[in-house]
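The chains referred to below are lettered A, B, ... by the order of the sequence lines, with proteins before strands, and numbering in each begins at 1.
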There are 2 protein chains.
Amino acid sequence: MKQMLSLTKALADETRLRTLMLLSSGELCLCQLIDVLELSPSTISKHMSILYDAGLIHRRKEGRWHYYRLAEQDTTPAAREALRWVISHLEDDPALHRDAKKLCCTRKKDPQELTACYSGK
Amino acid sequence: MKQMLSLTKALADETRLRTLMLLSSGELCLCQLIDVLELSPSTISKHMSILYDAGLIHRRKEGRWHYYRLAEQDTTPAAREALRWVISHLEDDPALHRDAKKLCCTRKKDPQELTACYSGK
DNA sequence: CCGATACTTCGTCAACTAACGAAGTGTATC
DNA sequence: GATACACTTCGTTAGTTGACGAAGTATCGG
């Protein structure tokens, strides 16, 4: 019950659903998510820890960068099924096309440009 | 996106998950849910409307009684899959055995006894 | 080892949510 | 048609959540 509640609560937020859809296209680091979602680093970091605690995403540290991807074999069946459910019903969502498009631009940017969001543009 | 959020938000509450599991054993009226969940009529009624708006349950009126059951053909694929997901991962949950047991007693009671919860025991 | 970078944690505040009782709605029963 | 019953809706309140900036942690470059 506790595990299911942490899963459903993790999924019950628009920003977190957007994040999962962004991650469905592959691994991303926090600064890339900041760039696409246009929210403060602390806010997104908090969202990531909620998704992580629920077992929905995997985190990997490489130097200063923290990379996130959707959880796969390394989590519970409940979380894997939740991911499949969410993604299959959101992948054609028109409201998320903007995010997907923005992500394309973000992927092309230099790390230089991305870190600009910290130094107040 | 909006539909998915209403689904995930509907599932992100312990009382509503308990309710869905109770309904997985068959149709129930509000007074039976009140008896098992031990919450006020207005609170449970509100929960039911949230589950209904999300497309997770079906409501049927018969005289004064309002009967609820899990949605089936009469809802979206997303809601049907959500129900299957939740139920499959909660059906063996030890924390919910109490509810299931209590429901057995409730089903055996007279309507008389159930309405007692309104008239202040 | 000093500053810069890429986060995370903490404290605060506004917005949302679940609980309740009181009042309202619709349906049987007398 | 008055009363009782089975809810639903409304207004209030306490607790939760999401947003932010400020401060803290860990890593890298000079």
Side-chain angles (χ1 to χ4, degrees), chain A residues 2 5-19 27-54 57-68 106 109-121, chain B residues 2 5-19 27-54 57-68 106 109-121:
Chain A
K2 243 178 123 181
L5 258 179
S6 94
L7 272 171
T8 55
K9 288 190 175 198
L11 298 175
D13 177 87
E14 180 163 2
T15 302
R16 290 194 289 269
L17 289 185
R18 287 171 68 198
T19 306
E27 193 178 57
L28 294 170
C29 78
L30 200 92
C31 59
Q32 293 176 302
L33 290 168
I34 292 167
D35 193 63
V36 177
L37 297 169
E38 299 182 19
L39 289 166
S40 76
S42 64
T43 299
I44 297 184
S45 176
K46 185 77 197 311
H47 282 310
M48 292 303 109
S49 78
I50 291 170
L51 290 172
Y52 178 79
D53 290 344
I57 61 172
H58 179 265
R59 53 195 347 171
R60 180 173 72 84
K61 232 173 120 175
E62 194 177 308
R64 283 175 278 189
W65 288 272
H66 295 210
Y67 290 96
Y68 300 94
T106 297
K109 287 187 192 169
D110 287 345
Q112 277 295 78
E113 280 185 79
L114 289 180
T115 62
C117 61
Y118 281 101
S119 41
K121 181 91 346 118
Chain B
K2 245 179 122 181
L5 260 179
S6 95
L7 271 172
T8 55
K9 288 190 176 195
L11 296 175
D13 177 88
E14 179 163 4
T15 302
R16 290 195 287 270
L17 289 185
R18 288 171 68 197
T19 305
E27 193 178 58
L28 293 170
C29 78
L30 200 92
C31 59
Q32 292 176 304
L33 290 168
I34 292 167
D35 193 63
V36 176
L37 296 168
E38 299 181 19
L39 290 165
S40 77
S42 64
T43 299
I44 297 184
S45 177
K46 185 77 197 311
H47 281 309
M48 292 302 109
S49 78
I50 290 170
L51 291 173
Y52 178 78
D53 290 343
I57 61 173
H58 180 265
R59 52 193 351 168
R60 178 172 72 86
K61 234 173 118 175
E62 195 177 308
R64 281 175 281 189
W65 286 272
H66 295 210
Y67 290 96
Y68 299 93
T106 298
K109 286 187 192 169
D110 287 344
Q112 277 294 80
E113 282 185 79
L114 289 180
T115 62
C117 61
Y118 281 101
S119 42
K121 182 104 328 134

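- Residue contacts for B:Y67: at a heavy-atom cut-off of 4.0 Å it reaches no nucleic acid atom on any strand shown.
- Scored by the side-chain contact (heavy atoms from CB on, under 4.5 Å) test, A:T43 finds A:L39, A:S40, A:H47 as partners (sequence neighbours excluded).
- Proximity of A:T43 to the phosphate of D:dC20: a side-chain N or O atom is located under 4.0 Å from OP1 or OP2.
- At least one side-chain heavy atom of A:M48 sits under 4.5 Å from a side-chain heavy atom of A:T19.
- Taking atom CD on A:E38 and atom P on D:dA19, their separation rounds to 13 Å, with Å as the unit.
- Across C:dC20, D:dT8, C:dT8, the shortest atom-to-atom separation from the side chain of B:L30 is found for D:dT8.
- Residue-to-nucleotide proximity on DNA chain C shows that, of A:R59 and B:K46, the 5′-proximal contact is made by A:R59.
- For B:H47 and C:dA19, the shortest distance from a side-chain N or O to OP1 or OP2 is below 4.0 Å.
- Among the heavy atoms of the strands lying under 4.0 Å from A:T15 are primed sugar atoms or P, OP1, OP2 only; no base atom is included.
- Closest to the side chain of B:S40, from the set D:dT8, C:dG21, D:dG21, is C:dG21.
- B:R16 places a side-chain N or O within 3.5 Å of a backbone atom of B:K9 that can act as its donor or acceptor partner.
- Both A:S42 and A:K9 sit near DNA chain D, but only A:K9 has its closest nucleotide nearer the 5' end.
- Rounded to whole Å, the distance from CG on A:L37 to C1' on D:dA19 is 14 Å.
- Across all their heavy atoms, A:A10 and A:A54 have their closest contact at CB-CB, 3.7 Å.
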Under a 4.0 Å heavy-atom criterion, the protein footprint on nucleotides 25-30 of chain C, written with B, S and -, is -BBS--
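- Nucleotide D:dG18 holds its P atom 12 Å from the CE atom of A:M48, rounded to whole Å.
- Residues satisfying the side-chain contact (heavy atoms from CB on, under 4.5 Å) test with A:R60, not counting sequence neighbours, are A:E27, A:H58, A:E62, A:Y67.
- Across the protein-nucleic acid pair, A:L11 atom CG and D:dG18 atom C1' stand 16 Å apart, rounded to whole Å.
- With rounding to whole Å, B:L39 atom CG is found 12 Å from C:dA18 atom P.
- Looking only at distances, a side-chain donor or acceptor of B:T8 sits under 3.5 Å from a matching main-chain atom of A:L11.
- In this structure, of D:dT8, C:dC7, C:dA18, it is C:dC7 that holds the atom nearest to the side chain of A:C29.
- Two residues are said to be in side-chain contact when any heavy atoms from C-beta on lie closer than 4.5 Å; A:I57 and A:Y52 meet this criterion.
- In this entry the distance linking CG of A:L28 with C1' of C:dC7 reads 16 Å, nearest Å.
- What separates NE2 of B:H66 from C1' of D:dT8 is a distance of 8 Å, to the nearest Å.
- Atoms CG (A:L51) and P (C:dT8) sit 12 Å apart, rounded to a whole Å.
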